Amino acid sequence: MSSSITLHHVRNLCAAATTSASSSISISKAKAKLRSQFDPDKALKIYSSLSDHYTTSSPASSRYAQDLTVKRLAKSGRFTDIETLLESHKNDPKITQEPYLSSLIRSYGVAGMFDHALKTFNQMDDFGTPRSTISFNALISACNQSKRFDLVPQLFDEIPQSHGFLPDKFSYGILVKSYCESNSPELAVDTLKRMEEKGIEITTVTFTTIFDCLYKNGKSDEAETIWNEMVMKGCLPDVAAYNVRIMHTHNGDPEIVKAMIEEIINAGLKPDSISYNYLVNCYCKIGKVDEAMKVYARLEEYGSNPNAATYRTLVYYLCRNEEFEKGYKVFKESVKFHKIPDFNTLKLLVEGLMKKSKKKEAKGLCRTVRKKFPNSFSWRKVEEELGLAAAPPLASGEGETQEASR
DNA sequence: CTAGGGTTAG
């Protein structure tokens, strides 16, 4: 392995971030850990322990792990660390492979660091990396991610022409998205005509981008026109397309959501957790938490899984209903699947449990939550106010050691 | 080997 300065820096960064030596772990394990790890230092540690497997594991997985790590770092404003991490990858021999380099461009986009994305794109000549739509699409996608929507049409006109390749259906999809994001649905619709003229396939994804944008801009009739156009062209809606339609048309009525879920099933597709969450949400909001719980109980039978939002919604409304024991049961399930609700919902639950003298349950909850917010003084305060502060007060790094050992 | 849908309470 190369021992360049930048790699060395990354290693130091990782070492400083951890209390124990990092060990190699599998990519699927790393992904699961990264999803639930909101501490950027720990995310970096997990990611670095997996870098050794970068070559042997699937590129899609490592890209996902890289994006998650970068997202965590970006959220904490650690842009220098992102730069160190991503720049170190430029010493990899794979940098001459366009997909590998493109993943760096994409990651800079995820971090909102468009200037670095562009710099990386321009460095391709130095690295001797061949150019095609792959890196171009990564670049304009990074543009969208960094909210530089105006730049996309400009780059779209300049880059393919000057480098001698043609934009593909993905490039056009990203262009359409940029128009939608700058609230110019009419320019997005115009692009469809342009695509037809050039014989570029208009996919379900592109249609979905547009009618979502039309709905968001209050143009429901036009959105439905685009939906019909999509179907007429034999371009079949998928679950994501249906979910967009559910989102903009349910109007708080669970019966509408149910009907559309039926429609998805009748179309031979399987509704996903997003589809069912609309149903759970609608029931909760009109005060029918028991109906929401019935949907939750049958999710497995439907071939779907609850996600973090499902748990949060259910626990929140069960608490509002003063059904704290049921809330605790749902909370336990959320723990089992590493999808525990947010701070405020947990606070509501633990306070309710104490109000109902369910001290054992309250303590159990605290044990778990301390692991999620190991150094949170606000959670400690919640525990203290309820007389549940079992652990000794946080001394020099003690909380973190405890957390890491579990 | 890329682009689209939600993060839902107050």
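Fair warning: this is a prediction, and the values are worked out from it, not measured in the lab. Below, chains carry the letters A, B, ... as their sequence lines are ordered, and counting in each starts from 1.
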Query raised in the report: Does any N or O donor sit under 3.5 Å from an N or O acceptor when you compare the side chain of A:Thr209 with the base of B:dG4?
Result: no
**Report entry** A:Tyr100 vs B:dC1: side-chain N/O to OP1/OP2 distance below 4.0 Å
**Finding:** no
Query raised in the report: For A:Leu236, does its backbone N or O pair with a side-chain atom of A:Thr204 as donor and acceptor, under 3.5 Å?
Result: yes
Query raised in the report: Checking all strands, does A:Val239 fall into the base, sugar-phosphate, or nothing category for heavy-atom contacts under 4.0 angstrom?
Result: base
Query raised in the report: Think A:Lys339 forms a cation-pi with A:Tyr311, using NZ or CZ under 6.0 Å from the six-ring centre and within 45 degrees of its axis?
Result: no
Query raised in the report: Is A:Asp212 touching bases, backbone alone, or none of the nucleic acid, heavy atoms closer than 4.0 Å?
Result: sugar-phosphate
Query raised in the report: Can a donor-acceptor pair be found between the side chains of A:Asn305 and A:Ser273 at a distance below 3.5 Å?
Result: no
Query raised in the report: With a 4.0 Å cut-off on heavy atoms, is A:Asn144 in touch with a base, just the backbone sugar-phosphate, or nothing at all?
Result: nothing
Query raised in the report: Starting at CD1 of A:Ile140 and ending at P of B:dC1, how long is that distance when rounded to a whole Å?
Result: 17 Å
Query raised in the report: Considering only side-chain heavy atoms of A:Thr206, which listed nucleotide, B:dT2, B:dA9, B:dA3, is closest?
Result: B:dA3
Query raised in the report: Taking CG from A:Asn137 and P from B:dT2, how many angstroms apart are they, rounded to a whole number?
Result: 10 Å
Report summary line: Separation of B:dT7 atom C1' from A:Ile274 atom CD1, nearest Å, is 9 Å
Query raised in the report: When we call it a touch if two heavy atoms are under 4.0 Å apart, what does A:Lys169 touch: a base, just sugar-phosphate, or nothing?
Result: base
Requested in this report: Mark yes or no for a side-chain to base donor-acceptor pair under 3.5 Å between A:Thr203 and B:dA3, with no hydrogen or angle criteria applied.
Outcome: yes
Query raised in the report: Just checking, any donor-acceptor pair under 3.5 angstrom between side chains of A:Ser376 and A:Lys381?
Result: no
Query - Side-chain N or O of A:Ser141 closer than 4.0 Å to phosphate OP1/OP2 of B:dA3 - result: yes
